[in-house]
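Residues take their numbers from the sequence shown, with the count starting at 1. Just so you know, these numbers come straight off a predicted model, no measurement behind them.
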Amino acid sequence: VALEMEFGSGYHISTGGTWASGPQTITPTYTYLPVTLGFNARASFGVGMPSVYIGVGGGVHIRAIYEENITIANSSTTEKRVYDPPVPFELYGLIGLEIPLMYSPDDGNSMFDLFVQARLSEVTSYLYKYTSTVTTPTSSTNQVVTFGRGFGQTASNAAFSLGVKFNLY
């Protein structure tokens, strides 16, 4: 059994599905750069064998942009809300399985590993401003309104990942 620390980053683009609120249909999208630091407890089945791990961590999303595209039933009017939060904070928990692909007995480690993991995340952003653009095809202009204070919002996420990991050692 071992305790390890991991640093993660990347670029994420996601669409969050579609949901209805009264006559409105809302389709969210978001992009962000996460910077996270976590701790995992790992148990191996033996030298050069697969291992399982469970971990927790946290971090921030640098330059997060959230958008909601809204359509209204029986209307040609659309609305696009762009939220620009300061720096959302993320907490996560994960469980995974890792299989060494290039184990070296001399190094006692594998340079590349195949991994499968399930991750639950909770992201919180606090008060921020957002811009709403309303488009009506029969009008020659769009209505653009910037709201000084948005609302606090949290987002829960469940992700299942399959990937290859490069180990620095």
Practice item. Report whether Phe115 and Tyr92 are members of the same hydrophobic cluster (ILVMFWY, side-chain heavy atoms less than 4.5 Å apart, transitive linking). Key: yes

Review point. Should Glu68 and Lys80 count as an ion pair when the cut-off is N to O under 4.0 Å?
Key: no

Check your understanding: Mind checking whether Phe112 and Pro100 have side chains closer than 4.5 Å, heavy atoms only?
Key -> no

Practice item. Could you tell me which non-hydrogen atom of Ser51 sits nearest to which non-hydrogen atom of Arg42, and how far apart they are? Key: OG-NH1, 2.8 Å

Practice item. Only counting residues at least two apart or in another chain, list the ones meeting side chain to side chain contact (heavy atoms under 4.5 Å, CB included) with Phe160. Key: Ala118

Exercise for review: State yes or no: do Leu120 and Leu162 share one hydrophobic cluster built from I, L, V, M, F, W and Y residues joined by side-chain heavy-atom distances below 4.5 Å, directly or via other members?
Suggested key: no

Point to revise | Which residues share a side chain to side chain contact (heavy atoms under 4.5 Å, CB included) with Leu37, sequence neighbours left out | key: Met5

**Study point:** For Thr133, all residues meeting side chain to side chain contact (heavy atoms under 4.5 Å, CB included), sequence neighbours excluded
**Key:** Thr131, Thr135, Asn142, Val144

Exercise for review: Mind checking side chain to side chain donor-acceptor pair (under 3.5 Å) for Thr36 and listing every partner two or more places apart, or none if nothing turns up?
Suggested key: none

Exercise for review: Report yes or no: do Phe166 and Tyr53 belong to one cluster of Ile/Leu/Val/Met/Phe/Trp/Tyr joined by side chain heavy-atom distances under 4.5 Å?
Suggested key: no

Check your understanding: Val35, Leu91: one ILVMFWY side-chain cluster at the under-4.5 Å cut-off?
Key -> yes

Exercise for review: Check side chain to side chain contact (heavy atoms under 4.5 Å, CB included) between Val52 and all other residues, then give those that pass, not counting sequence neighbours.
Suggested key: Ala43, Phe45, Leu97

Point to revise | Side-chain heavy-atom pair Glu79, Ile26 within 4.5 angstrom cut-off | key: no

Revision key, fill the gap. When rounded to the nearest 0.5 Å, the distance separating OG of Ser104 from CE of Met111 is 8.5 Å

Review point. So Arg81 and Ile70, side-chain contact (heavy atoms from CB on, under 4.5 Å) or not? Walk me through it.
Key: CA-CA 8 Å; Arg81 295 179 186 157; Ile70 302 168; 3.5 Å; yes

Practice item. Indicate yes or no: at least one non-hydrogen side-chain atom of Thr78 is less than 4.5 angstrom from one of Val134. Key: no

Check your understanding: Is there a path of hydrophobic side-chain contacts, each under 4.5 Å between heavy atoms of I, L, V, M, F, W or Y residues, that connects Met102 with Val164?
Key -> yes

Study note, to complete from the structure: For Gly55 and Asn40, the nearest pair of non-hydrogen atoms, with its separation, is CA-OD1, 3.3 Å

Review point. Roughly how far, to the nearest 0.5 Å, is CD1 of Ile54 from CD1 of Ile95?
Key: 5.0 Å

Exercise for review: Quick one: which residue pairs count as a salt bridge (charged side-chain N to carboxylate O under 4.0 Å, His left out) with a foot in residues 108-119, not counting sequence neighbours?
Suggested key: Glu90-Arg119

